[in-house]
Amino acid sequence: MELAGEMEILTEEIKKTPQEIQAEHERKEILTRYRKVLKGAKGVLKGDDFKQIKKAFTLAVEAHKDMRRKSGEPYIYHPLEVAQICVDEIGLGATSIICALLHDVVEDTNITLDEIRRDFGDKVARIIDGLTKISGNFEQGTSAQAENFRKMLLTLSEDVRVILIKLADRLHNMRTLGSMARNSQLKIAHETIYIYAPLAHRLGLYNVKSELEDLYLKYTEPEMYKDIADKLKTTKQARDRFILNFTKPIDEKIKKTGIDYVIKGRPKHIYSIWNKIKKQNTAFEDIYDLFAIRIIIKNVSPDKEKAACWQIYSIVTDEYTPNTERLKDWISIPKANGYESLHTTVMSHSGQWVEVQIRTERMDDISERGYAAHWKYKGNETNTNAPLDKWITQVRETLESGDKSAIEFLEDFRGNLFNEEVFVFTPKGDLKVLRKGATVLDFAFDIHTDIGKKCTAGKVNNQLVPISYTLRNGDQVEILTTKNQKPNEDWLRFVVTSKAKGRIKDLLKEENKTYITDGKEIVAKKLKILGLENTLETQNQLRAFFNKKDYNDLFYSFGKGHIQPDEIRRFKQLRDARIRKQEENKINLDETALRDTKSFEKELKKAKGSDTLLIGDDMQVIDYTLASCCNPIPGDDVFGFLTVNEGIKIHRNTCTNAQHLLSNYGNRVIKARWSSQAAMSFEVSIHLDGIDRMGMIQDISKVISSELNINMRSLSVDTKDGIFEGIIKLYVHDTKHLDTLMHQLESIEGMYQVYRMVAT
Ligand code: MN
């Protein structure tokens, strides 16, 4: 009996299929990776943490068990790697590990947020909710992408960990981008460089940011990337030798001080080298600052940090002459992303400029791991004066400051990400950090809206200056106000911060309301005098005629007196003329039946000499025009038709008049086709309809103007009860050109249908 039992087990083991062997291997691998996460986090985990993490791990494994990544690997590798990044590279703790493990569970499996809340509590559920909301690859239109980004930032002001985990998620996706299809690679890579890398930079995650940038380059410019990577490798030895020679004399001197320290030579990352090559239009070989020397001071008490840094600075500059213009002191006032360091550029004995960065271990940790590290050193009390907390408060304010479209917001925000700041002081000596380029007016609004809106001038270092004065580091600023001061549109040109811009716009909008009401009345009155009906259609035509983006804008212009009421007369004349022309066209078509046979015969002969009429051919001597009833463009199937008074008219085969003409006047039809050099521009009208939403018009104009380089003549839009309908007139080269454009328009979020209109 026993023997038989054992035999059974044996045979079973022999019978293991390759799939079973594979599964077993994967099970082991999952455990190995899980243990690695725990090991990395060991220092920060305590008490209940292990139990909770294990629970999350078990749940994630079970939930994802039938899923695989594009690479074919078990899906669970991904959340495990994301957790690993959170631990190793961002320095996050238990809550974040749990959330990283569960980050795709609600999105991709049957598990609900309520279950997560029940099992892991409110905090975890809130973070997962945030992560789920911003999931997806910003796939739809530009505006959806911006909208999504705004959502992401909203979660930032709630719990920064949402974004930190999202960044870890993105980093792992970028690391594994190789198994994606080429077009997805490009899309994800571009999104990364556009949004995630700047965000990582802003949160002070230097390493994450650098790796994201390098991976971006790897997938968008693979050859360039490889070239630089190879060159870095082959020049490494020479570089190491140089660094050794350079550091030797300072090394000896620092040792004598008894300060504990390390010296590192850090090469720049590939992306920033590539940027330099591009920007300075130079070769790899000509870049001298491929690396920086970093001196990190260890074991120094918080109150001695600054002094120690300056002591090292003094040793370095005793040995090597510094370029005084390039001293950067971010230890006295840290950068807004929390970065602290003392930078100097010195002349080496071999005649090469070398950048030296001096900082303490704590500063180094913050510079590489950003927010999380900063949190760690700060303890858990919230210090609203810390640069990063200040920034997060700013983000929150921007988000709350009203009704900007998502695209505007995104552009503004990105502007704020990249800009350096300017440090100024209030009369009482309080430090204010504003975006570089900020003016007295920005400063006023930064203090308070009530001060901003009454601001008439400033006193900078006791000198009277206008509100448009651009602040410089160290300026002490006093704001002068008067009761009767009122914001005007010019003010928008005087400010750079989103806060001031938003406030001014709000204030202006309030004032505008009166002008809009006035304008509405003026228009109504004038239309009545001219005998025009005051319908939505008329208003829309007026809007298009005066080239205004919406009705409010139109009425505002009348109310404010930018447009004189009498100009509506001009509009009426044009409209009447257009109606007359349309009627004439109709008559012309009928007149063709009464044409003069003789002249027709002549023209026919002339034309038939070449059998087919080549449209767009310069050599073609025959006079022809494109019919306005169907507006053909190159690529359309067309025919020529001899008219009585207007020579040959080119119609589309699908023209509503074609059937009539072809069947009744077949003898006057001429074969026609487009010559290949018909590279002119043709006007077409496109009709759009869809669901109205914020940012729709920007999306449309973006597709048209920036993406395809098409010249738009006019865009008129009508919205009613959430439905929008628009007509775009623009110039295209041919049908192919037009098709591409229409296709792009169709893919805009909320667009329902797009079609070419027969008549313009
Ligand atoms: Mn993920």
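We're numbering straight along the sequence, starting at 1. First listed ligand is number 1; within each ligand, the first listed atom is number 1.
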Point to revise | By ring-ring contact (aromatic ring centres under 6.0 Å, His included) - contacts of H343 (at least two apart) | key: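 Checked H343 against ring-ring contact (aromatic ring centres under 6.0 Å, His included); matches are W330, Y339.
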
**Study point:** Residues forming a ring-ring contact (aromatic ring centres under 6.0 Å, His included) with Y34, sequence neighbours excluded
**Key:**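 For Y34 the ring-ring contact (aromatic ring centres under 6.0 Å, His included) partners, ignoring immediate neighbours, are F57.
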
**Study point:** the Mn ion (ligand 1): protein N, O or S atoms [distance under 2.8 Å]
**Key:**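 As for protein N, O or S atoms lying under 2.8 Å from the Mn ion (ligand 1), they are H78 NE2, H103 NE2, D104 OD2, D169 OD1.
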
Point to revise | Pair D169-H103, side-chain hydrogen bond (donor to acceptor under 3.5 Å, both in side chains): steps then yes or no | key: CA-CA 9 Å; D169 181 32; H103 83 270; 3.2 Å; yes

Practice item. Could you go through the salt bridge (Lys or Arg N to Asp or Glu O under 4.0 Å) check for E73 and R68 one step at a time? Key: CA-CA 6 Å; E73 290 183 329; R68 292 198 170 256; over 6 Å; no

Side chains of residues 87-99: which donor-acceptor pairs under 3.5 Å do they make with residues two or more places apart or in other chains?
unit_1, atom_1, unit_2, atom_2, d
D88, OD2, Q84, NE2, 3.0
E89, OE1, R175, NH2, 3.4
E89, OE2, R175, NH2, 2.9

Check your understanding: Looking at NE2 of H172 and CG of L177, how far apart are the two atoms once the value is rounded to the nearest 0.5 Å?
Key ->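 One finds 11.5 Å between NE2 of H172 and CG of L177.
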
